[in-house]
Amino acid sequence: MKVLCHPESSFFPAHQTRWRKHRDLLRLQVQTPLVFPVKDRGRWIRGKRICLTAKAELDWATMDQLGLSESDVQSPAISTSYRSLNLPKPNQTVLEAQARVCTGPTQTRPLGEEQAFKVLDTILRSAKGDLKGEEEVSRSQLGAFFSAMTIRANVFPEATQWSEGEKKAMTTFWPLLVRVLTPDVIFLADPEGTIMGGSSIGPQFIGQGSCEMRLVGALREILAGGHLGYEEVQGVMRDVLPLKTESQMSSGVSHSLLSAFLIGQRMNRETDRELKAHCLAFDEESGPTPVADVRSLTHYGEPYDGNTRYFRSTLFVAAVRSCYEESCLLHGVDWMPPKGGVTEEQMLKFMGANTNLMPSHAKRLLEDEEVGFAYVSQREARPSLYSLVGLREHIKKRPPLATTEKVQQFVKARGKEAIVTGFYHHGYEEPLLMLMRRRGVHSGLVVKGEEGALSMTTRLRSADASKGLPVNYCSGFRSLSKQSAFEVDGVSRHSFSLAVNAADYGFQPTDTPRTDRSVSKNIELGLAALNGEKGPAYDRIVLNAGMVDHLLGCNGAEDVSVALDRAREAIDSGKALKRLLNYIKISHKLK
């Protein structure tokens, strides 16, 4: 099969004409010829040779064989091309400053005098209307920047409070800024009139409308370094989402206030109750959660902002595990800041799959004996949260949702359930496991994979590796009962933590394949591995399938070597590849 690549007109409208003129130049390649079944007039034809080559001509007849139209498949591209053209870009000068100051009490890097003067001058010129287009500083940026400065001044340790350069710049510019900034931004910069002094706007600000008034009340607590209750967080989120555009702000809340709310909670380091509130706030947005009639279901929570450097294996791992009745549900987005890396949705769209499926459709794919795994986009299942993509780009750093969106159950199972997520920053492994327990699953696993993703690697840890938990560190729990985690006590749940050394299980140390934002390269590596081509990508798929089976306590995986052999057999027999192709084809029958 030659993989067909075409941008949807709704996704790349500017490229439509160019594509029709040069579509023969856009091709995916996998060098090894593959033998796949293809469907012709309702009958399976076995043994037809279909070659995936990166430079071979597009075979448009294959579209008909898979039942696809031109608008069903995505242009091959680097991951950044999946960013919506409708999203306004942030001002880069201020965004660079946000990267330094919109973070935690120990990670923050105060601005030097030159940068502080440049940032405040940029904000002043933008507020006066002198900057237009991409140079304009958005309200989201203003909210994130000034709320971060306020939290640093109020509660951060001396080392990460304002530098002398920042103090000098603020003293110089604030008398000018207070004349042109809107009241909501002035409130964020000096909520009690104690930081800059001389203005009553902050202390008197209450917001416009009941939703914004509730948000302002919550912000007064956050800007002072405080925390919110479960109901308070959920109340704010449900009030303000789905987010309206800035042109619709007369009927919504100020983007500056919402940005401050999200980044402020992250800077104060969220409590368990705040994380639970974000995690569960929109569980019923798409109606009751479907329940799939499957024996076992694993929810994969990869970071939504994708991989920018290394091979992302989870999609291919899901195809492998589905071969032996370990059903897998993946979820994510087409593109997400701050990294804007390769995601499962990009790969599926590029290969021609339908990525606009609802949870009810995913249920059917999970139950299908020819598939056994599924992908659900946040865009379809949680449109309120997806409406924040643009705002999240403008606040620069990850909000609480970057943690909680990884622990979702868009479909439940009649049998056992497990959740697997990745993490990077030490200290978030326990909150993630807490959220999994709150979800009531039987087993949970967090993995410090490469790039903060959940994929374990076979490469050796370098001598100059950063301090802290090593890559391949795993922590989790598994219930020793068929009951849900809600119904068993702590004695019936086995907790564990370990650092997986792939060499202990017979894997040769190899460097992780680089993909560098290339969707097509990631697919090429994955498909070649599923076609049986041995190498680093093959090893990573086997390692991550077998080790997850073992750590989650899956049937038949008590012995790690047996679990790994089972994963190899699923690949070498061609079953895993067939299931991935089945997914692409069957997903279009569920429109």
Side-chain angles (χ1 to χ4, degrees), residues 12-15 78-103 108-150 163 165-166 168-189 196 243-250 252-260 262-263 305 308 335-340 387-399 517:
F12 286 133
H15 297 184
I78 59 172
S79 62
T80 50
S81 67
Y82 286 75
R83 180 187 180 277
S84 172
L85 298 177
N86 296 322
L87 295 176
K89 292 185 177 180
N91 176 282
Q92 291 302 307
T93 297
V94 178
L95 200 70
E96 290 171 6
Q98 290 171 245
R100 296 177 64 95
V101 303
C102 294
T103 185
T108 286
R109 295 168 293 155
L111 305 179
E113 183 176 320
E114 181 180 355
Q115 186 177 14
F117 268 80
K118 182 179 180 181
V119 168
L120 293 179
D121 178 65
T122 300
I123 290 174
L124 177 62
R125 289 188 292 126
S126 178
K128 292 169 63 176
D130 296 340
L131 302 181
K132 302 296 182 182
E134 293 181 10
E135 293 186 343
E136 184 177 1
V137 183
S138 70
R139 297 176 72 87
S140 299
Q141 288 188 275
L142 292 173
F145 177 77
F146 280 112
S147 63
M149 295 293 285
T150 296
S163 67
E166 288 172 315
K168 185 176 180 180
M170 195 66 81
T171 300
T172 301
F173 279 95
W174 185 250
L176 304 173
L177 288 169
V178 77
R179 300 175 187 173
V180 293
L181 293 175
T182 54
D184 54 330
V185 177
I186 296 173
F187 157 70
L188 295 172
M196 300 308 303
L243 184 65
K244 299 181 184 300
T245 64
E246 291 196 350
S247 63
Q248 301 171 317
M249 277 178 49
S250 59
V253 299
S254 164
H255 285 203
S256 65
L257 297 178
L258 182 54
S259 294
L262 293 174
I263 201 61
D305 60 351
T308 58
W335 181 87
M336 179 68 78
K339 288 168 64 174
S387 71
L388 288 170
V389 171
L391 182 142
R392 288 171 66 167
E393 182 179 17
H394 285 238
I395 67 175
K396 179 57 179 178
K397 305 299 283 187
R398 294 176 179 85
R517 297 185 185 274

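Using a 4.0 Å cut-off between charged nitrogen and carboxylate oxygen, Arg392 and Asp305 do not count as a salt-bridge pair.
With Ser163 contributing its side chain and Gly112 its backbone, the two residues share no donor-acceptor pair below 3.5 Å. Between the side chain of Thr108 and the main chain of Thr103, a donor-acceptor pair closer than 3.5 Å is present. Not one N or O on the side chain of Ser259 forms a donor-acceptor pair closer than 3.5 Å with the backbone of Ser256. Not a single donor-acceptor pair under 3.5 Å links the side chain of Arg83 to the backbone N or O of Pro337.
Side-chain contact between Thr150 and Phe187 is absent, with no heavy atoms from C-beta onward closer than 4.5 Å. Between Ser84 and Tyr82 the shortest side-chain heavy-atom distance does not fall below 4.5 Å. The shortest side-chain heavy-atom distance between His255 and His394 does not fall under the 4.5 Å cut-off.
The distance from atom CG of Leu111 to atom CZ of Phe117, rounded to the nearest 0.5 Å, is 12.0 Å. Rounding to the nearest 0.5 angstrom, the gap separating the CG atom in Leu262 from the NZ atom in Lys397 is 15.0 Å. Between the CG atom of Leu257 and the OG atom of Ser140 there is a distance of 10.5 Å, given to the nearest 0.5 Å. Rounding to the nearest 0.5 Å places NZ of Lys244 at 13.0 Å from CG of Leu258. Distance CD/Glu166 to CG/Leu120: 9.0 Å, rounded to 0.5 Å. Atom CD in Glu96 sits 6.5 Å away from atom NZ in Lys118 (nearest 0.5 Å).
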Name each donor-acceptor pair under 3.5 Å that joins a side chain in residues 88-95 to protein atoms two or more places apart or in another chain, with its distance.
residue: Asn91; atom: OD1; partner: Thr93; partner atom: N; Å: 3.0
residue: Asn91; atom: OD1; partner: Val94; partner atom: N; Å: 3.0
residue: Asn91; atom: ND2; partner: Glu135; partner atom: O; Å: 2.6
residue: Gln92; atom: NE2; partner: Pro90; partner atom: O; Å: 3.4

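Judged as a side-chain contact (heavy atoms from CB on, under 4.5 Å), and not counting sequence neighbours, the contacts of Ser126 are Leu131, Glu136, Val137.
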Exercise. Decide side chain to side chain contact (heavy atoms under 4.5 Å, CB included) for Phe173 and Ile123; before the verdict, give the C-alpha distance in whole Å, the side-chain angles of both, and the deciding distance to 0.1 Å.
Key: CA-CA 10 Å; Phe173 279 95; Ile123 290 174; over 6 Å; no
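Applying the salt bridge (charged side-chain N to carboxylate O under 4.0 Å, His left out) test to every pair with at least one member in residues 121-134, sequence neighbours left out, gives these pairs: Asp121-Arg125.
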